[in-house]
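Let me begin by presenting the structure, written as C-alpha cells, before commenting on it.
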Number of protein chains: 2
Amino acid sequence: MQIAIVLYDRFTALDAIGPYEMLCRTPGAETVFVAERPGPVTNDQGTLTLVADKALAEVPRPDIVVVPGGPGQREQMTNEALLGWLRAADATSTWTTSVCTGSLLLGAAGLLQGRRATSHWLALDALATFGATPTGERVVVDGKVVTAAGVSSGIDMGLALVGKVAGNEFAQVVQLGTEYDPQPPYDAGSPQKAPAAIVDRIRSNGEAVIR
Amino acid sequence: MQIAIVLYDRFTALDAIGPYEMLCRTPGAETVFVAERPGPVTNDQGTLTLVADKALAEVPRPDIVVVPGGPGQREQMTNEALLGWLRAADATSTWTTSVCTGSLLLGAAGLLQGRRATSHWLALDALATFGATPTGERVVVDGKVVTAAGVSSGIDMGLALVGKVAGNEFAQVVQLGTEYDPQPPYDAGSPQKAPAAIVDRIRSNGEAVIR
C-alpha cells in the first residue's frame with residue numbers, strides 16, 4: 001500500500017504531518033511525500049521546510065492520497081500539473097483525502113461533484129462552487145473521498161483511516177502509541193464554541209491572524 | 001522572541017510539528033529549527049525529512065526551547081554537543097520545554113533535578129533517574145520547565161505556551177484558526193483508557209509496534 005502526501009509551496013505543516021503521523025506506521029504501507037518537483041518545500045510561515053522525496057509523476061497510482069491545505073492552495077487551483085495528477089490518482093486510489101483547504105483542490109480537480117465534504121470553517125461555503133454539499137462535521141466520508149476540517153482535524157481523519165485500512169485494534173495501538181488523548185487548554189476550537197469576538201477577529205482578518 | 005525547535009536523527013515528526021504549529025504564529029516570534037549541523041534531518045520512520053535552518057551554535061540564547069522525542073533520543077543521551085547546548089540555552093531561556101521522550105534529554109542535561117515532569121507513558125519511570133518526579137499529567141509546568149506526554153500532547157503544550165507568552169485571547173485565535181476541536185474516533189489515548197490488550201501489546205513490543 002502506497003500513501004502519497006502532497007506538498008506545495010505555502011502548505012500548512014500540521015495539515016500534512018497530522019495524518020502522516022497516524023498513517024505512517026500502517027503495516028505494509030510505504031509513505032511518500034510528493035510534489036510537482038522533488039526537493040525542499042516551504043510552508044505558509046516560511047519557517048519550516050519539508051523534503052518531497054518524489055515528483056508527482058513518479059507516484060502515479062497511490063492507494064491513499066492526502067492533500068493538505070494552506071494559503072498556497074490558491075495558486076494551485078489552476079495548476080493542471082497537480083489537478084491532472086489528482087484526477088488520475090483518484091481513478092485508481094482506495095482513498096482520496098484532504099485536510100483543511102486541501103478539499104478545494106479536490107473540488108477544483110472535479111472530485112467533489114455530488115459529494116458531501118468539509119474544509120476549514122472559513123472555506124466551507126466555497127465547496128458548493130465545485131458541486132459539493134458542505135457539512136460542518138470534522139471528518140466527512142463520502143464513498144472513497146474523505147475530507148477533514150481545519151488543520152488539526154487531519155489527525156482525527158488519519159486515525160479514522162488507519163482503522164479502515166488496518167483495523168480498529170491497530171488504530172487504537174497508534175492512538176495509544178502517540179498518546180492521542182487531547183486535552184486542549186481552551187475550548188475555542190470551532191466557531192460554535194469560540195467566543196464571538198474571537199470568531200469575528202478571524203473572519204474580519206483571517207489572513208493576518210491565522211496565517 | 002526566538003523559539004528554537006531542536007531536531008536530531010530519528011525524532012518523531014508530530015512531537016516537533018505539534019508545538020511548532022501552535023507557536024509559529026506568535027506575534028513578534030521568530031521560529032527556527034536547529035540541529036547539531038544545519039541541513040536535512042530524517043525522522044524515526046525514515047520517510048520524513050525536515051530541514052534544520054541553523055546549527056545549535058548559531059542559536060545560543062533562544063527564549064523558548066522545544067525538544068521533541070523519538071527513538072533517536074537514545075543516541076543523544078550522551079551527546080555533549082546537544083546536552084551542553086541545552087544547559088546553556090536553559091540558563092537564559094524563558095521557557096525550556098519538551099515533548100515525549102524529549103524530557104529524558106532535558107533530564108540527561110541535568111535540567112529536571114527536583115522538578116515535576118512528564119514523558120511518553122512508556123518512559124515515565126525513567127524520569128526518576130534524573131532526579132525528577134514523574135507525573136501522569138499531559139502537560140506539566142514546573143517553574144520555567146514545561147514537559148508534555150507522548151507525541152500528540154505537544155499540541156496541548158504548545159497552545160498552553162501561546163497563552164503564556166501571547167495571552168489567552170491570542171491562544172484562542174490560534175485554536176480556532178487551527179480548528180483544534182479534537183474528536184478522536186477511538187478512546188484509547190492513554191493507558192488508563194485503552195483496552196488492556198492494547199496496552200499490553202505496546203508494553204511488550206513497543207519498539208516494533210509504535211516505532
Side-chain angles (χ1 to χ4, degrees), chain A residues 12-14 17-18 20-21 24-25 30-33 40 45 47-51 53 100 120-121 138-139 149-153 155-156 159-160 163 168-169 171-186 188-191 193-195 197-199 201-202 206 209-211, chain B residues 12-14 17-18 20-21 24-25 30-33 40 45 47-51 53 100 120-121 138-139 149-153 155-156 159-160 163 168-169 171-186 188-191 193-195 197-199 201-202 206 209-211:
Chain A
T12 297
L14 188 58
I17 305 306
Y20 167 82
E21 195 69 63
C24 68
R25 291 166 184 81
E30 175 209 5
T31 310
V32 58
F33 287 92
Q45 305 299 310
T47 51
L48 176 149
T49 298
L50 264 178
V51 178
D53 293 304
C100 200
H120 191 285
W121 60 274
R138 191 156 171 86
V139 177
V151 189
S152 62
S153 63
I155 299 173
D156 295 327
L159 193 55
N168 292 332
E169 191 181 330
Q172 291 172 84
V173 167
V174 171
Q175 184 177 13
L176 181 56
T178 58
E179 218 162 334
Y180 185 43
D181 179 27
Q183 295 169 27
Y186 305 93
S190 77
K193 293 178 177 175
I198 304 288
V199 179
R201 185 166 160 186
I202 295 188
V209 175
I210 70 165
R211 289 159 180 175
Chain B
T12 296
L14 188 58
I17 306 304
Y20 167 83
E21 195 69 62
C24 68
R25 292 168 183 80
E30 177 210 4
T31 311
V32 58
F33 286 92
Q45 305 299 309
T47 52
L48 177 149
T49 298
L50 263 178
V51 178
D53 293 305
C100 200
H120 191 285
W121 61 273
R138 190 156 172 87
V139 176
V151 189
S152 62
S153 64
I155 299 173
D156 294 329
L159 192 55
N168 292 331
E169 191 181 333
Q172 290 173 85
V173 167
V174 170
Q175 185 177 14
L176 181 56
T178 57
E179 218 162 333
Y180 185 43
D181 179 28
Q183 295 167 27
Y186 305 93
S190 77
K193 294 178 177 178
I198 303 287
V199 179
R201 185 166 161 185
I202 295 188
V209 174
I210 70 165
R211 289 157 181 178

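Any value given below was found using the heavy atoms of this structure, including those in side chains, with hydrogens, waters and symmetry copies removed. Reminder, nothing fancy here: chain letters follow the sequence lines and each chain counts from 1.
- The two residues B:L176 and A:S190 come nearest to each other via the heavy atoms CD1-C, 3.3 Å.
- No side-chain heavy atom of B:F33 sits less than 4.5 Å from a side-chain heavy atom of A:T49.
- Note that CD1 of B:I17 and OH of A:Y20 are 11.0 Å apart. Values are rounded to the nearest 0.5 Å.
- Among the candidates A:E30, A:R138, A:K193, the residue making the largest number of heavy-atom pairs closer than 4.5 Å to chain B is A:R138.
- At a threshold of 4.5 Å between non-hydrogen side-chain atoms, the residues B:Q45 and A:T31 do not count as touching.
- Formation of a donor-acceptor pair under 3.5 Å by the B:Q172 side chain with backbone atoms of A:A188 is not found in this model.
- One distance of note links CD of A:Q175 with CD1 of B:I198; it measures 10.0 Å at 0.5 Å rounding.
- From B:R201, atom CZ reaches atom CD of A:E169 across 5.0 Å, with rounding to the nearest 0.5 Å.
- A:E179 and B:G150 get closest at one heavy-atom pair: OE1-N, 2.9 Å.
- The shortest side-chain heavy-atom distance between A:V151 and B:Y180 does not fall under the 4.5 Å cut-off.
- With chain A as the partner, the residue from B:V139, B:N168, B:I155 showing the most heavy-atom pairs under 4.5 Å is B:N168.
- Here the closest non-hydrogen pair linking B:R25 and A:T12 is NH2-CG2, 4.1 Å.
- Among A:P40, A:P184, A:A160, A:A197, the residue making the largest number of heavy-atom pairs under 4.5 Å with chain B is A:P184.
- Neither the backbone nor the side chain of B:V32 has a heavy atom closer than 4.5 Å to any heavy atom of chain A.
- Residues that satisfy the side chain to side chain donor-acceptor pair (under 3.5 Å) test with A:S153, not counting sequence neighbours, are absent from this structure.
- Within the 4.5 angstrom heavy-atom criterion, atoms from both the backbone and the side chain of A:A13 approach chain B.
- A donor-acceptor contact shorter than 3.5 Å is absent between the side chain of A:T178 and the backbone of B:S152.
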